[in-house]
Amino acid sequence: MFESAELGHRLSKADYDAVEPQLRTDLLEVQFELLEQKGFAAVILINGIDGAGRGETVNLLNEWMDPRHIEVHTFDKPTDEERERPFLWRFWRALPPKGKIGVLFGNWYSEAIGDRAFGRIKKARLDQQLAEFNRFEAMLAAEGVLLLKFWFHLSKQAQKKRLKALEANPDTRWRVRDSDWQVYEEYERYKDVAEHVLRQTSTGIAPWVIVDGSDPQYRAVQVGRTLLEGLRRRCEHVARGFRTRQTAAPLAPAVDERNLLNAMVLNQPLDKKDYDKQLEKLQGRLALAVRSEAFASRSLVLVFEGMDAAGKGGAIRRVTQALDTRQYHVTPIAAPSDEERAQPYLWRFWRHLPRRGRVAIFDRSWYGRVLVERVEGFCSEPDWMRAYAEINDFEDQLVSAGVIVVKFWLSISDEEQLRRFKAREEQAFKRYKITDEDWRNREKWPLYEPAVCDMIDRTSTENAGWTLVEADNKYYARVKVLQTLVDKLDVALQK
């Protein structure tokens, strides 16, 4: 895979001087076209052999282009805060908004390659990570991100020559670390692992570009032209309103019209006296569970979805009453802000993930894509169809990182919803809870019902299953939420 990059490519100074001014001009022009369009973000991954000119090339790009609109991030060993969250969390936070270019050193590939090359993980674990990276990059591409992946390569002989030259110069000696020589000693092993990684992750939507790093003038022009061509093509597509056509098989309803929601018995019995007794007991169990030593190494994500006026807020309050206010955060999800629209869909949820020993409560969540956005036509059918797999992958990553994920769908009957809507309009302190949008959504329930059923069927997994809550009786609903939560915590904390 690296044969062409070991040919010793060269570009004379005269040839470099002839092409560099125009290349700089073209890159600057396309950068400002990107900034003006704000139709997509560009993410550049910088990986490769130590000493192959990665840093010099990025510095040169910053010189050729406007650095105010290039966000460069370097990732070394994860911090304590980063270790307490899923692996990709710190990379999600570094994604540039639409209109900007992000350069990521030491990205998701670096640690995986190093861990395998130095025997810290097995090949099976590496392949599992690579499959996860492919899914992540496919999601970025589907969200419109232009992903450019560069591998800067040197032969073993060229690497040794380069490292010695850097060490011999007092101005560059600091750039050579002991770890660089350690990688050199394991060059063949490192190269074999890198070749496997690149082969498994060089896809049609995000292919690797292998750069011969032995000649600084050659590599600069190769990277510059690749970046220019990628940005130009994408800007042209945006200007023409181009979007790849995608189709998906339709989701057919059950022939007998029976579904998860209309099969529920929504008015379950529980009187106030029994409710008070059970509430106190369950809140006590919840308080002890989240203050336990076992929970200190875990975190909890609660998702509350449901029909308008189904009692999500009341259920959330009964949960938070048992928690230390410093231990939890409630995130209400509404229409995305301009900042959030400039990022891939799941970005705004990744940034609210809790540290270990903490609880994140989402009042509505990432399921908006397959509910509101589907029904209202805010995204295309291919977008919400692919969202099921992306959401499942997201939640699998949470669980793999030690997060306990508990999801509730609260459902009420048409008659009970109407009664609660009218009660909210009549009581001054509840009027803020009812809006024209709520009444409009009520009329659209025939469209929401199949969307909810599809959501539950396609995202109720072994790692993060849905709990359906019969919510006509608010006492019963709150108790069921708490009972389910403490039961799931008991099981998870015993593992």
Side-chain angles (χ1 to χ4, degrees), residues 23-46 58 60-73 88-105 107 136-150 205-207 209 223-246 333-352 366 368-369 372-374 376-384 386-387 390 394:
L23 181 57
R24 293 182 64 165
T25 301
D26 291 343
L27 280 169
L28 197 58
E29 286 180 354
V30 77
Q31 181 187 17
F32 279 97
E33 185 177 357
L34 164 66
L35 186 64
E36 183 178 353
Q37 282 184 344
K38 289 185 171 58
F40 65 98
V43 173
I44 303 173
L45 303 188
I46 302 295
V58 172
L60 194 60
L61 290 177
N62 269 320
E63 180 183 332
W64 286 354
M65 304 169 78
D66 189 335
R68 295 174 299 173
H69 308 299
I70 300 178
E71 301 176 359
V72 179
H73 298 273
L88 288 175
W89 179 76
R90 59 177 177 159
F91 306 114
W92 271 94
R93 297 176 73 210
L95 293 179
K98 291 178 180 178
K100 300 250 179 144
I101 298 171
V103 179
L104 277 58
F105 277 94
N107 45 71
F136 177 44
E137 291 171 9
M139 181 278 305
L140 292 179
E143 290 286 330
V145 174
L146 173 63
L147 194 59
L148 297 168
K149 304 191 296 193
F150 291 101
I205 56 173
V209 176
V223 171
R225 284 180 170 173
T226 303
L227 176 58
L228 175 62
E229 183 65 18
L231 290 173
R232 269 182 173 170
R233 285 188 179 185
R234 184 58 63 84
C235 284
E236 288 173 3
H237 288 172
V238 171
R240 289 158 42 198
F242 176 84
R243 182 178 174 86
T244 303
R245 291 182 60 83
Q246 302 178 54
I333 300 299
S337 64
D338 290 342
E339 179 189 22
E340 291 166 342
R341 288 191 187 94
Q343 295 282 0
Y345 175 72
L346 288 172
W347 177 83
R348 63 174 174 156
F349 307 108
W350 272 92
R351 65 178 181 162
H352 291 299
W366 41 93
R369 171 138 292 188
V372 176
E373 293 193 18
R374 167 182 169 172
E376 300 293 342
F378 295 152
C379 69
S380 67
E381 180 178 334
D383 285 336
W384 60 257
R386 66 178 168 83
E390 292 172 359
F394 170 46

With a 4.5 Å limit on heavy-atom distance, are the side chains of Pro344 and Leu140 in contact?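 Side chain of Pro344 against side chain of Leu140, heavy atoms only: contact under 4.5 Å found.
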
More than 12 heavy atoms of other residues, nucleotides or ligands under 6.0 Å from CZ of Arg341: is that the case?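 More than 12 within 6.0 Å, yes.
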
Within 6.0 angstrom of Arg351 CZ, more than 12 heavy atoms from elsewhere: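 Yes - once you tally the heavy atoms of other residues, nucleotides and ligands closer than 6.0 Å, there are more than 12.
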
Taking the ring centre of each residue, are Phe394 and Trp350 less than 6.0 Å apart?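 Between Trp350 and Phe394, which both carry aromatic rings, the centre distance is below 6.0 Å.
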
Given the side-chain rings of Tyr345 and Trp384, with only the six-membered ring counted for Trp, is the space between their centroids under 6.0 Å?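 Ring-ring flag for Tyr345/Trp384: false, centres at least 6.0 Å apart.
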
Salt bridge (charged side-chain N to carboxylate O under 4.0 Å, His left out): pairs with one or both residues in residues 26-38, sequence neighbours excluded: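 Counting only pairs at least two positions apart or across chains, the salt bridge (charged side-chain N to carboxylate O under 4.0 Å, His left out) contacts touching residues 26-38 are Asp26-Arg232.
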
Does any pair with a residue in residues 138-150 pass salt bridge (charged side-chain N to carboxylate O under 4.0 Å, His left out), and if so which ones, sequence neighbours excluded?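 Sorted result for residues 138-150: Glu137-Lys149, Glu143-Arg369, Glu143-Arg386.
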
Heavy-atom donor-acceptor pair, Gln31 side chain to Asp66 backbone, under 3.5 Å: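 Yes; judged by distance alone, with no hydrogens or angles, the pair exists.
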
Taking Leu95's backbone N and O only, do any of them form a donor-acceptor pair with Gln343's side chain (distance below 3.5 Å, no angle check)?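 Side chain of Gln343 to backbone of Leu95: a pair is present.
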
Lys98: partners by side chain to side chain contact (heavy atoms under 4.5 Å, CB included), with sequence neighbours left out: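 Per chain and number, Lys98 pairs via side chain to side chain contact (heavy atoms under 4.5 Å, CB included) with Ala342.
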
Give, for atom CG of Leu45 and atom CG of Asn107, the distance between the pair rounded to the nearest 0.5 Å.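 It is 4.5 Å, given to the nearest 0.5 Å.
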
Tell me whether Glu229 is salt-bridged to Arg233, with the criterion being a basic N under 4.0 Å from an acidic carboxylate O.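 Yes, Glu229 and Arg233 are salt-bridged.
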
Please report the closest heavy-atom contact between His69 and Leu35, naming both atoms and the distance.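 What the structure gives for the nearest pair is NE2-CD2, 3.4 Å.
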
